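Small disclaimer: the values here were computed from a predicted structure and weren't measured. To find a chain, count down the sequence lines: A is the first, B the second, and so on, and within it residues start at 1.
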Amino acid sequence: MATRFDHQAIEKKWQERWNASHIYEAGERDQLKEKQFILTEFPYPSGNLHIGHWYAFAVPDIYVRKLRMEGKQVLYPVGFDSFGLPAENAAIKRKLDPKEWTYDNIAYMTKQLESMGNAFDWSRMVVTSNPEYYRWTQWIFLELFKKDLAYRGVGTVNWCPSCNTVLANEQVVDGTCERCGSEVELREMPEWKLRITQYADRLIDDLAPLPWPEFIKDLQRNWIGRSVGAEIDFPLSTGDTLTVFTTRVDTLYGATFCVLAPEHSLVTKLRSSILNWEEVIRYQNAAAKKDEIERTAEGKEKTGVRLEGITAKNPVSGEDIPVFIADYILARYGTGAIMAVPAHDERDFAFAEKYDCSIREVIEGEGQLPRSTAGRLTNSGEYTGMDSQAAKDVITAKVNGRKTSTYKLRDWSISRQRYWGVPIPIVYDPDGLPHAVPYEHLPWHLPTDVDVTPTGEPPLAKSQELKERTERIFGKGWTPEVETMDTFMCSSWYFMRYTDPQNTERFAAQSEQEKWLPVDVYFGGSEHTTMHLLYSRFMQKALFDLGHATALEPYTLRYNRGLVLGPDGNKMSKSKGNVIDPDEQVSRLGADTVKMYLAFMGPYGTPTNYPWDMGGIAGLRRFLERVYDLRTHITTTPTLDNKALLHQTIKKVGDDIHALKFNTAISALMVYLNAVEKSGLSTDDYHCFLRMLAPFAPHLSEELWEQAGHESSVHRESWPKFDPNLLISSEVTIAVQINGKVRATITLERDATEEMVLDAAQQDEVIRRRLNSAQILKVIYVPNRAINLIAPGAT
RNA sequence: GCUGGAGUGGCGGAAUGGUAUACGCGCACGACUCAAAAUCGUGUCUCGCAAGGGUUGAGGGUUCGAGUCCCUCCUCCAGCACCA
């Protein structure tokens, strides 16, 4: 490829100058300017920047730079989410120090990030594994602990035998470990949890007013999975009470049996009354052996065991009904027990057929049972004829039910039996009770005398130093917590730290939070929609409630981007050999070209995946080559009046950047270039073009700006303004339709009257021939666009 | 199954209800060259010699006019999935 300019020299020159002049630092908040906090999820220091990082950071930089040119005070920070498993795995595999591995990677990736030439504020860099940072992660944990929002729970956890660690539900994918793919086992373990479920309602309800794309809100709502219903008590023949959760109280008359999860606590309690105890215990044991994935596999035949000798009383009909245990009922959801309404629930129907239970239709409707629609009640005693919706409330009240909601969301387990993470700042007294490490001992340092090779024992348990530190400070018999935190904990508040990254007294001063938060636009990957995004929203709310944060929601706007696929249309992977190395592309074609190509692939801010196209990127380089030569087309006498085109371009490029449609913004620049290469352009118009180009090609535009004789940076220029009066060309092309079909176009002065347009249309040869003396019954004129002649009989 | 979203050239993709296929890639031909690359120019939805006709997953509808709005269906993508 011919090179009319040396991109490597230009990039080096300007990156150095920008660094030296701190041009992109946000600085102290200037209240006279509008602020914009633009955030992109910070990277994990894996060792190498991939093309996805370029897509994530370089493309939003266009948006950032335009905001700067509009005079806004922009904060566009960057950092590293640097605790986590890969460092530890590298340590195990290659006998490296996880810390060294991590910090080497950070140093290298920082250089790579610099090669983008983004308008990053490097002075606010945040690194989560730095003690100055994790000290505050610990502080936040302790605040939550003191308010009982963090607690030591015992529960069934997902255990990855290969990583030797507990996984959150969110980290289990199809029954396998998200990171290593091993099959996950269930284990009973004590673990630290955060009470995110306490915030479930607010996490759903506060989404409503946010201007986020609806689909992202829906993903969050689905994940939280709120079901609104009621708890209903069924008296048992033994005198005990069985509480079930249902969303369909209106079908209570149709509840012909009850089902409990096999591990439901009532089962053991009822032991002496259950006549077939042997059979029940056998079923329980079989269920316990299967993990949840197996139990909940779709299409699996439903099995269960009737609790002989026990009946429940339907609280509204008074009918005595049988009670079963069955593994299609999940202990963790609702109350772990249901009232079965086989006529109106598929699962209950299948179970009833198999175990010969009665099926009573209680909602009118067409078609075969089971039917789950709402409607008019039938076979429902005094409620027969009532509408479902109204019946819910009335029947709930009648049987002393409690209206309540239940959620799919579980409390957030943050315990990890791993080394490379934030030590949980808890110590246990000789009786085994947990206590907060006092604030003066923060950061509660991660010990360094640890062999990270997995033995099944948490690595921190092997640290002599940690043990001694604990006894020295707290006394003999005291022991340290040996778990570390889920790294999502580190990333749940990092955006707050960017507002005040050097603060040694607070995680971020309230005054700084107030100045910058909430984040105005948050760009990120779809994979973080339900985990990180939910966790950080929870954290924002919890810290607000504790009086430490000033905003109720962390992000005003959120956009999910897609993936850059390999040239073959598949996800890039080493094994497929379809990985595009950004460094190679940058050295060959330049940072501006790579950035513009990525921006040109398609609209940003929708999670669409785009394949990499070698030819496509060459096209962007060609465009920049022609831009480099554009000054040879400068003339004092442009042959064509292209003011209108210039102003249209300014408007379109600006609007499109704002809408994250960088692809069409670039195409508008191309259209302009194509036109002025032919017609020539004035010096002023050339400068205007360079200013429009600046966000897209920061290096080349800066170089050309300097060559054009300017002493100050193009990135200190303002975004060009368009003149609405110059937007419209003096001539317009109007489509002439006959009976709705376009038959000809005519070119006229703009804002011609309907009469003038009609007159011109009728003079058009094609139109005259087609009308062929047919009578025009009606004329619809859309000013400056189209005229439609309704003339039955015309061709 | 449920919840979202999307179907437009050979490809990525454009189109406030008003000239469908902008822009780029690819391809073809031409210029330059001993030649090639690069570059520049011209062409490039489809049927038709032409005049003209057809075309936005399929079918219907609303409208003077539909890629765009409504209904039915098909396909693909994403998330959730025995969640009571």
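- With a cut-off of 3.5 Å on both Watson-Crick or G-U wobble distances, the partner of B:U68 is given as none.
- For the C1' atoms, the distance from B:G57 to B:G48 is 26 Å, rounded to whole Å.
- Here the CG-CZ distance, from A:L660 to A:F523, works out to 5.0 Å after rounding to the nearest 0.5 Å.
- At the heavy-atom level, A:T733 lies under 4.0 Å from base atoms of the strands shown.
- Between A:F351 and A:Y328, the two ring planes are tilted [angle within 30° to 60°].
- Only one option out of A:L252, A:I395, A:V362, A:T251 pairs with A:L377 in a side chain to side chain contact (heavy atoms under 4.5 Å, CB included); it is A:I395.
- Within 6.0 Å of atom NZ in A:K571, 12 or fewer heavy atoms from other residues, nucleotides or ligands are found, so the atom counts as exposed in its surroundings.
- Taking 90° from 0 as the syn/anti boundary, the base of B:G60 is oriented anti.
- Counting non-hydrogen atoms under 4.0 angstrom, A:R769 reaches the backbone sugars and phosphates but no base.
- For B:C80, the base has no donor-acceptor partner in the side chain of A:N222 [N/O atoms by modelled type, under 3.5 angstrom].
- A:Y672 and A:F689 have parallel rings, their planes meeting at less than 30° on a 0 to 90° scale where 60° marks the start of perpendicular.
- You'll find that the side chain of A:V742 is closest to B:A20, out of B:A20, B:A84, B:G18.
- To the nearest angstrom, P of B:G65 lies 14 Å from CZ of A:R743.
- Here B:A14 is the nucleotide among B:G65, B:A14, B:A84 with the atom lying nearest to any side-chain atom of A:P603.
- A:L219 comes within 4.0 angstrom of the backbone, heavy atoms only, and of no base.
- Put simply, NE2 on A:H264 is 17 Å from P on B:A84, counting in whole angstrom units.
- For B:U16, there is no paired nucleotide, since no Watson-Crick or G-U wobble pair has both relevant distances below 3.5 Å.
- The distance between atom NE2 of A:H532 and atom C1' of B:G79, rounded to the nearest whole Å, is 18 Å.
- If you check every strand for non-hydrogen atoms under 4.0 Å, A:K302 touches a base.
- With distances taken from any side-chain atom of A:N788 to the nucleotides B:C82, B:U39, B:G65, the minimum falls on B:G65.
- Using a 4.0 Å cut-off between charged nitrogen and carboxylate oxygen, A:D233 and A:R402 count as a salt-bridge pair.
- When each of B:A22, B:A84, B:G4 is scored by its nearest atom to the side-chain atoms of A:S667, the top-ranked nucleotide is B:A22.
- The pair A:D764-A:R768 does not count as a salt bridge, with every side-chain nitrogen at least 4.0 angstrom from each carboxylate oxygen.
- Across all strands shown, B:G7 pairs with B:C74; the Watson-Crick or G-U wobble distances both stay below 3.5 Å.
- Counting non-hydrogen atoms under 4.0 angstrom, A:F600 reaches a base of the nucleic acid.
- Each of A:E361, A:H344, A:E346 was evaluated against A:R371; a single residue qualifies, A:E361, per the side-chain hydrogen bond (donor to acceptor under 3.5 Å, both in side chains) test.
- Taking 4.0 angstrom as the limit, A:R221 places none of its side-chain polar atoms (N or O) nearer than this to OP1 or OP2 of B:U3.
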Exercise. List the steps, then state whether salt bridge (charged side-chain N to carboxylate O under 4.0 Å, His left out) holds for A:E41 with A:R558.
Key: CA-CA 11 Å; A:E41 286 158 3; A:R558 162 74 185 195; 2.9 Å; yes
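- Taking 4.0 angstrom as the limit, A:R622 places a side-chain polar atom (N or O) nearer than this to OP1 or OP2 of B:C25.
- Using C1' as the reference atom, B:U56 and B:A14 are 12 Å apart when rounded to the nearest Å.
- Spacing of C1' atoms, B:G60 relative to B:A81, comes out at 34 Å, to the nearest Å.
- Backbone-only engagement by A:N674 is indicated by non-hydrogen atom pairs under 4.0 Å involving sugar-phosphate atoms exclusively.
- Relative to the side chain of A:K778, the nucleotides B:U19, B:G4, B:C64 differ in distance, and B:C64 lies closest.
- Residue A:R621 places no side-chain N or O under 4.0 Å from the OP1 or OP2 atom of B:G24.
- Taking the P atoms as reference points, B:G12 lies 15 Å from B:G26, given to the whole Å.
- Counting non-hydrogen atoms under 4.0 angstrom, A:G334 reaches nothing in the nucleic acid.
- When distances are taken from the side chain of A:T664 to each of B:A22, B:G12, B:C80, the shortest belongs to B:A22.
- Of all nucleotides present, only B:G30 satisfies the Watson-Crick or G-U wobble test against B:C40, with each distance under 3.5 Å.
- Annotation: B:G24 and B:G9 have their C1' atoms spaced 14 Å apart (nearest Å).
- Atom pair A:R4:CZ and B:U39:C1' shows a separation of 7 Å (rounding to whole Å applied).
- OP1 or OP2 of B:A15 has at least one side-chain nitrogen or oxygen of A:K661 nearer than 4.0 Å.
- B:A15 and B:C34 have their P atoms separated by 46 Å, given to the nearest Å.
- The listed nucleotides are B:U19, B:C80, B:C40; the one nearest the side chain of A:T745 is B:U19.
- Residue A:R785 has its side chain nearest to B:U19 when only B:A84, B:U19, B:G12 are considered.
- Candidate nucleotides B:G24, B:C25, B:G52 were compared by shortest atom distance to the side chain of A:R770, and B:G52 ranks first.
- The separation of B:C47 from B:G10, taken at their P atoms, amounts to 11 Å, rounded to a whole angstrom.
- Rounded to an integer number of Å, the gap from CG of A:D613 to P of B:G12 is 10 Å.
- In terms of phosphate contacts, A:K217 brings no side-chain nitrogen or oxygen within less than 4.0 Å of OP1 or OP2 of B:G5.
- In this structure, the CZ atom of A:F623 is 15 Å from the C1' atom of B:C25, given to the nearest Å.
- As rounded to the nearest Å, B:C29 and B:C77 have C1' atoms that lie 40 Å from one another.
- Summarising the geometry, the separation between CD1 on A:I666 and C1' on B:C25 is reported as 14 Å, rounded to the nearest angstrom.
- The nucleotide whose nearest atom lies closest to any side-chain atom of A:Y610 is, among B:A84, B:G13, B:U39, B:G13.
- The CG-C1' distance, from A:N609 to B:G13, rounds to 15 Å in whole Å.
- Two residues, A:D656 and A:M670, neighbour RNA chain B, and the one matched to the more 5' nucleotide by heavy-atom proximity is A:D656.
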